[in-house]
Structures are given as C-alpha cells and as structure tokens.
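Reviewing the structure listed below.
Atoms within a ligand are numbered from 1 in the order they appear, just like the ligands themselves. No experiment lies behind these values; they were computed from the predicted model shown. Below, each value reflects all heavy atoms present in this structure, side chains not excepted, and no hydrogens, waters or symmetry copies.
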Amino acid sequence: MNKKLANGVLMPMIGLGTFLVADGTSAYETVLHALSVGYRHIDTAQMYKNEESVGQAIKDSKIPRKDIFITTKQRGHSTVEKMRAQFEESLAKLQTDYVDLYLIHWPNQDKKINQQTWAFFETLYQEKKVRAIGVSNFTRSHLTDLFETAEIKPMVNQVELHPGLSQVPLKKYLDSEGIAIESYGPLMKGGVFEGIWGETLGEIAKNHNASIPQVIFAWGMARDVIMIPKSVTPSRIEENFKSKDLVLTKEELLQIDDLNRGKRVYTDPDNSPWGPYTE
Ligand SMILES: NC(=O)c1ccc[n+]([C@@H]2O[C@H](COP(=O)([O-])OP(=O)(O)OC[C@H]3O[C@@H](n4cnc5c(N)ncnc54)[C@H](OP(=O)(O)O)[C@@H]3O)[C@@H](O)[C@H]2O)c1
C-alpha cells in the first residue's frame, strides 16, 4: 500500500523506523530482516548515526535500489556548504546517489533559518538528488512561516502521532495543503499498553486476534497516515508489517479516535531547545 505524494512519488504506507537502532550488527541485521519480510521503506536520520549499516544492509539485500524507499533527515540547520557536505555524507554512507525523501529533522526557533534550510532542500530537489522533500516536527505556524519564501511545498511532515495524540487539527491542515502526514512514536513509549489506551486497544485487538501495535498501525493507515514502527526484534518486525492486512471496523476506528488526550511523550516542537543554530 502506497501513499501518493503531491509530486506523484509513491511512498510505502508502512516502513521500518531506526531511531536508537545501533550502528553495526544491530542496524545491519534489523534492516536486512525487515527487507526479507517485505518492508520496502526504511526511515533513518543523520542523528541516528546508523546510515552506514542501513546502506550496507540495503546493498546486501540485492533488492534493486529503485524498489526501496529511503528517508533520511538533515541533522541540523547550518550554512549551505555544511548542509551540502552533510547530505553528501548521507549519500556515501547509504551507498546511493539519491534519497527518496529528505526531511528537516526539527524546526529552528528562528523562521529565517528554517527558510534558508528549506531553500537548500529545494535546490537538492531541483538537482534530482532527492525524489521528495519534507519536514519533521513542524507545527502549522512553522509551516506558514516557511510558505512565506518557499517555492515548493514540503511533501511530508513527520510528527509525533499515536492514539494519545492523534493530531486531528494538524492533519486537517496538512490535508488542505496536500502534505502527507507521517507518524513517529506510534507506541507512545509503551503508553499504549497501559490505562485507557491498553484497555480499549486490547479489546479491539482481541476482536481480530491481533496485537495492540498491529491495531495502532492499521488505525494509522486507515486515516491515511504513514507508519514507521521501530523494532530490532525479528518477530515484532514481522508482526508490525502484517498490520497492513488488518482491517478495523468504522466503530473501532472511532473508538481509537476517542483515545486522543493531546498526550505528548516526545519534545514539543514549540518548546524545543533547538536553535537558533544547532550546528
Ligand atoms: N522525526 C523525529 O523527530 C522522530 C522522533 C522519534 C522517532 N522517529 C522515527 O519514528 C520511528 C518510530 O518511533 P520510535 O522508535 O520512537 O517508537 P515506536 O516505534 O513507537 O516504538 C519502538 C519501541 O516499541 C517496541 N516495539 C516495537 N514493536 C513492538 C511490538 N509489536 N510489540 C511490543 N513492542 C514493540 C520496540 O522494542 P524492540 O526494538 O526492542 O523490539 C521499541 O522499544 C523511529 O524509529 C524513527 O525512525 C522520528
């Protein structure tokens, strides 16, 4: 199942997250296993420091490069020269000459810096070194500031999104701007197994002989949200991927929507410590 981005590029709705997957054997074997069970979308970042192992696993999988969707993220806002060097470093580590999606990892508190970084992203896009460009952790106001100077709109915004923070207003806004929404932290740092979330999601999971994570990923995809669960455990990697075949009822989807409590378990982008320059 793919999401068609605003420029027509197809992005698999489910991918493998790799935050906190250690470079070396762990990242290499995790990615290789995910590819062997059918994942064709890997989410990494310069900050995760595992691009080298991700790249090696992709190469060793022998799957044609064009069949795998690779996302990576710009580490920090900086001068154009430094950002280009960082981008080239990502390409070298990933052993590729393009990435499918390149994201600004975090907004800066200074809108001019975000605008300058975005102009560099637009250049990469025009040079065809990236098939799509986007942002991460951008709120509506970060986006409207970006639009003051942007020539190309971001195609994706990757944000914290799970049943405790379903991001309804942001998603509505992104839909109206033609920007795809991608979820990170779908398991709410374990919170989805507890309290009201564990109770409701557990019941729905039981109805389908499925697991709570599978229910969450199916709910996300039913809302047109791209999901990138992370796991280094082979059985969970397989379990998570199978969620693409799980169909929830309308009532169940509404029950999960009702679990929204505006609960953040990651940094709030409006109150982050990043900036003005982070590099
Ligand atoms: N843009 C950003 O700022 C940002 C921030 C955070 C994350 N991300 C991206 O989003 C991805 C996903 O988010 P995340 O890694 O924070 O969290 P996550 O996917 O919500 O959760 C990962 C944790 O859940 C466990 N887990 C995975 N599948 C499970 C299952 N089926 N049953 C029980 N436990 C399971 C994993 O354990 P094991 O690994 O031990 O199996 C791991 O501890 C990241 O890897 C990264 O690619 C982006």
Please indicate whether any nitrogen or oxygen in F193 is less than 3.5 Å from any nitrogen or oxygen in ligand 1. no
Who clusters with Y98? Use side-chain heavy atoms, under 4.5 angstrom, across I, L, V, M, F, W and Y, and order the result by chain and number. none
D43/K230 salt bridge by N-O under 4.0 Å criterion: no
Does the N or O separation between M188 and ligand 1 drop below 3.5 Å for any pair? no
Atom indices of ligand 1, in the order listed, that fall short of 4.0 Å to a heavy atom of S136: 1 (N), 2 (C)
Do me a favour and list the nearest non-hydrogen protein atom to atom 25 (C) of ligand 1 with residue, atom name and distance? R236 NH1, 3.9 Å
Please state which part of K230 comes within less than 4.0 Å of ligand 1, counting heavy atoms only: side chain, backbone, both or neither. both
Which ligand 1 atoms does T233 reach within 4.0 Å, using its non-hydrogen atoms? 38 (P), 40 (O), 41 (O)
I need the contact type for S231 against ligand 1. Using non-hydrogen atoms and a strict under-4.0 Å cut-off, is it side chain, backbone, both or neither? both
For ligand 1, does T18 get within less than 4.0 Å through its side chain, its backbone, both, or neither, judged by non-hydrogen atoms? backbone
Considering heavy atoms of the protein only, find what lies nearest to atom 11 (C) of ligand 1 and give residue, atom and distance to 0.1 Å. I228 O, 3.2 Å
At less than 4.0 angstrom from any non-hydrogen atom of G17, what atoms of ligand 1 do you find? 11 (C), 44 (C), 45 (O), 47 (O)
Do the non-hydrogen side-chain atoms of T249 and E252 ever get within less than 4.5 Å of each other? yes
Should we say atom NZ of K189 is surrounded by more than 12 heavy atoms from elsewhere, each under 6.0 Å from it? yes
In ligand 1, which numbered atoms sit nearer than 4.0 Å to a non-hydrogen atom of Y266? 6 (C), 14 (P), 16 (O), 17 (O)
Between D43 and ligand 1, does any nitrogen or oxygen pair lie at a separation below 3.5 Å? yes
Over 60° means perpendicular and under 30° means parallel, so classify the ring planes of F121 and Y102, tilted if in between. parallel
Side chain to side chain contact (heavy atoms under 4.5 Å, CB included) partners of K171, counting only residues at least two apart: D175, I181, R223, D224, V225
Ligand 1 atoms in contact with G185 (distance to a heavy atom under 4.0 Å): 12 (C), 13 (O), 16 (O), 17 (O), 20 (O)
Mode of N240 contact toward ligand 1 - side chain, backbone, both, neither (heavy atoms, under 4.0 Å): side chain
Heavy-atom nearest neighbour in the protein, as seen from atom 18 (P) of ligand 1, with distance rounded to 0.1 Å: P186 CD, 3.7 Å
Given W106, Y48, F241, F217, which one has a non-hydrogen atom that is nearest to atom 46 (C) of ligand 1? Y48
Shortest protein heavy-atom distance from atom 26 (N) of ligand 1, along with the residue and atom involved: L187 CD1, 3.6 Å
Sidechain N-carboxylate O distance under 4.0 Å for R84, E127: yes
Backbone, side chain, both or neither: what part of P213 comes under 4.0 angstrom of ligand 1, heavy atoms only? side chain
Nearest non-hydrogen protein atom to atom 10 (O) of ligand 1, with distance, is Y184 CB, 3.2 Å
Protein heavy-atom partner closest to atom 3 (O) of ligand 1 - residue, atom, separation in Å: N137 ND2, 2.9 Å
Can a donor-acceptor pair be found between the side chains of D60 and Y28 at a distance below 3.5 Å? yes
Proximal atoms of ligand 1 relative to H105 (non-hydrogen, under 4.0 Å): 1 (N), 2 (C), 3 (O)
Looking at Q158, which atoms of ligand 1 are within less than 4.0 Å of one of its heavy atoms? 1 (N), 2 (C), 4 (C), 8 (N), 9 (C), 48 (C)
We want to know whether T44 and E51 form a side-chain donor-acceptor pair, criterion being a heavy-atom distance below 3.5 angstrom. no
Under 3.5 Å side-chain donor-acceptor pair for Q214 and E239: no
Return yes or no for this condition: an N or O of P229 is under 3.5 Å from an N or O of ligand 1. no
Are the side chains of M188 and E194 in touch, meaning some heavy atoms are under 4.5 Å apart? no
Cation-pi check, K128 onto Y125 ring (under 6.0 Å, within 45° of axis): no
Decide, yes or no, whether a salt bridge links E238 with K242 under the criterion of side-chain N to carboxylate O below 4.0 Å. no
Starting from atom 45 (O) of ligand 1, locate the nearest protein heavy atom and write down its residue, its atom name and how far away it is, to 0.1 Å. F19 N, 2.9 Å
Looking at Y48 and K73, would you say the former's side chain and the latter's main chain have a donor-acceptor pair under 3.5 Å? no
